[in-house]
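Just so it is clear: chains get the letters A, B, ... in the order the sequence lines come, proteins before strands, and each one is counted from 1. Please read all numbers here as calculations on a predicted model, not as lab measurements.
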There are 2 protein chains.
Amino acid sequence: MKELLLASVPFRFDGRLWLQGPDDRFMGIGRLQLLEHIAVLGSISQAARAMNMSYKRAWDLVSSMNAQVRTPLVQTQTGGRRGGGAGLTPAGEQVVAEFRAMHDRFAAFLAAETARLYS
Amino acid sequence: MKELLLASVPFRFDGRLWLQGPDDRFMGIGRLQLLEHIAVLGSISQAARAMNMSYKRAWDLVSSMNAQVRTPLVQTQTGGRRGGGAGLTPAGEQVVAEFRAMHDRFAAFLAAETARLYS
DNA sequence: AACGGTTATATCCGAACAAATATAACGACG
DNA sequence: CGTCGTTATATTTGTTCGGATATAACCGTT
């Protein structure tokens, strides 16, 4: 195989994939992971803590996502047993599943490119 | 085919691809286009103007790229017939060709994902 | 010898973005 | 009814990034 100059230096192949709305970004790996944490932990604040993210940033992201679709992805509740909480709506779970699949294919693409680089 | 929720909203698939060094970014679409402009126009300042980029930013990018490899990608000359100039070294041309090919494959991946989304 | 366009470099400034902080409302539960 | 953890929101602070600006050095060309 041809000698690739880029293969001779220790650079890491990296990339990002996202869905862009008219104004804001709608979905990306950060927002996806946030949704996945919310689904597991049941609250925005716990998800933020788990990701070492400020609550404000997490709330802003959730607000941005919910504002860009008809049916919100995250449904919240203030007050109550655990002080409140949040979870994914069916629409939210569907978006997570679909974008996770896209992102996994992207990861495969990156791996293939890396393999091509060092072959 | 299965109904995709994401297909029902006007979101644009987008993404970025780059090569990351230990500290700085090494190559991305912006740096690639800058190198391509330098190759055609023969100077950093003209390339910057053509891309509506400040000369400082263009020079910083060139400096960053050159600093991360043994043989520089851009060779420059101060003073002279046209006041000076810049051009790609053989290493620079090789990097441009290789990363351009990678980026074209990435564009094809994005197109395929978009097609899958709206099929 | 002056000129012109470029490289090379330092400094300052403004915008954008996220972190930090503060506070109110909420509602089950003890 | 007070407590607690959460949502919801505003305000301030800090940092980072790139733009703007200025200046010096360089060297064919005139």
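Remark: the backbone N or O of A:Val62 is not paired with any side-chain donor or acceptor of A:Arg31 at under 3.5 angstrom. Side chain of B:His103 to backbone of B:Phe99: no donor-acceptor contact under 3.5 angstrom is found. Side-chain atoms of A:Thr89 come within 3.5 Å of backbone atoms of A:Pro72 as a donor-acceptor pair (strictly under, hydrogens ignored). Side chain of B:Arg16 to backbone of A:Asp14: no donor-acceptor contact under 3.5 angstrom is found. Judged purely by atom type and a 3.5 angstrom limit, A:Asn66 uses its side chain to pair as donor or acceptor with the backbone of A:Leu73.
Put simply, CD on A:Gln77 and CD on A:Gln75 are 8.0 Å apart, with the number rounded to the nearest 0.5 Å.
Aromatic ring orientation, A:Phe106 versus B:Phe106: tilted (interplanar angle from 30° to 60°).
With hydrogens and angles left out, the side-chain atoms of B:Ser64 and B:Gln68 include a donor and acceptor closer than 3.5 Å.
Listed by residue number, A:Ser54, A:Lys56, A:Arg57 are the residues of residues 42-63 of chain A with a heavy-atom contact under 4.0 Å to DNA chain C.
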**OP:** Spell out protein contact along nucleotides 24-30 of chain D as letters: B when the base is contacted, S when just the sugar-phosphate is, - when no protein heavy atom is under 4.0 Å; keep the 5' to 3' order.
**Re:** --BBSS-
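Atom pair A:Leu41:CG and D:dT7:C1' shows a separation of 16 Å (rounding to whole Å applied). Rounded to whole angstrom, the span from the CG atom of B:Leu34 across to the C1' atom of C:dT7 amounts to 14 Å. Taking atom CZ of B:Arg25 as the reference point, atom P of D:dT16 lies 17 Å away to the nearest angstrom.
Distances shown here put a side-chain N or O of A:Thr76 below 4.0 Å from the OP1 or OP2 atom of D:dA8.
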